[in-house]
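Each residue takes its place number in the sequence, starting with 1. This is a predicted model, so every value here is computed, not measured. Remember, it's 1-based here, ligands and their atoms both numbered in the order they're listed.
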Amino acid sequence: MKEKIKELREKINAFSASNEEAIESFRIKILGRKGELKALYEEFKSVPKELKREIGQELNVLNKSVVEKIQRLKTNVESSNQGDAKTDKTRPGGIHTIGSRHPISLVRNEIVDIFRRIGFAVSEGPEVEDDWHNFSALNFPPEHPARDMQDTFFIEGDVSLRTHTSSVQVRVMESSTPPIRTISPGRVFRNEAISARSHCIFHQIEGLYIDKDVSFADLKQTLLYFAKEFFGDETKIRLRPSYFPFTEPSAEMDVYWGLKTETDYKITKGTGWLEILGCGMVDPNVLKNNNIDPDVYSGFAFGMGIERIAMLKYQIGDIRRLFENDIEFLKQFKSGI
Ligand code: PHE
């Protein structure tokens, strides 16, 4: 009996066919009512009790493998038939759906274009940074709360995920000499609770301008130009005094968007004003740290979150929508370039 099972198994393994008729006649020959496997099952009835378990199992395994093999051969034949049909040049073509850019990319590209037009170059840097580029070179005192575990994702020792793209500006300062005009777009990380208004991963664009005689008026005009280009000619901005370790004086800029829709109300906390960036005159210590003489050069810097601006522009009430990659949501941005 065992010998017969083995023979049949070998026969099944050796079989191959590439047309439906051959597969079907093979199926009948093995699995049919008068088939070879059926015959073995008949014979099984007279197998001594003590061997029943072992031989029964072998038969079942064989049965299963032949059913699977036939199925596999059939699928192969079907798909190769389809292959033939594909080469039929008269068939109508399939529909290819075209993807769309992510709203974050759309806004990033638009902002980059606006600053490119006034002579800013784009610079990029690593997402994993050391303490010097993310904090120390930017005049963060050793005990500054931003270095705290609550804000920063530490990796090992003083290596962390960058908390802003100001780190890229340090890299630009150390590898070039003024005049410097650069913007640094990129992904940043902060250990913050995720809510409708904030996320632990987001995107920034930071700008740096260093030359002789750069003043706060230059900063203001540059930002006003940006706001008008991006939000429209009528856009109003306001600068509020603020504090950053790397700029002095420092400010935050709000744009007035109004309260036309419910989303406006939600994202501006009912004021109509939305803070979109931080800015200021580069602190002389930062220039010194990067071997730039603060008696000769001065500069301004600014940094903005892309998500906030995208939310305002596209009326997105919840920042988390930007990270879910929900196709239905992303499809809405098809017309963007
Ligand atoms: N780096 C600051 C932040 O991440 C933004 C900023 C950049 C502020 C440049 C002032 C000047 O919040």
For Q169, is the nearest heavy atom under 4.0 Å from an atom of ligand 1? no

- Report yes or no: does F300 have a heavy atom closer than 4.0 Å to ligand 1? no

Distance-only side-chain donor-acceptor flag, [X] / [Y], under 3.5 Å:
X	Y	result
E307	H203	yes
S123	T182	yes
N134	T163	yes
E206	S166	yes
D131	S136	yes

At under 4.0 Å between heavy atoms, what of F302 touches ligand 1? The answer is backbone

Short version for C279: what comes under 4.0 Å of ligand 1, heavy atoms counted, is backbone

**Item:** K2/E54 salt bridge by N-O under 4.0 Å criterion
**Value:** yes

Open item on the list: Check K4 with E36, please: is the shortest side-chain N to carboxylate O separation under 4.0 Å?
Closed with: no

Short list, please: which atoms of ligand 1 are under 4.0 Å from a heavy atom of [X]?
X	answer
F246	1 (N), 2 (C), 6 (C), 7 (C), 8 (C), 9 (C), 10 (C), 11 (C)
A301	9 (C), 11 (C)
F244	8 (C), 10 (C)

Inset, instruction - Please say whether T247 places an N or O atom under 3.5 Å from an N or O atom belonging to ligand 1. - result: no

Does any N or O atom in S166 lie less than 3.5 angstrom from one in ligand 1, N or O only?
yes

Paired with H133, the side-chain hydrogen bond (donor to acceptor under 3.5 Å, both in side chains) test is passed by just one of E174, Q169, R162, namely E174

shortest atom 12 (O) of ligand 1-to-protein heavy-atom contact is with R190 NH2, 3.7 Å

Of all protein heavy atoms, the one nearest atom 1 (N) of ligand 1 is E206 OE2, 2.8 Å

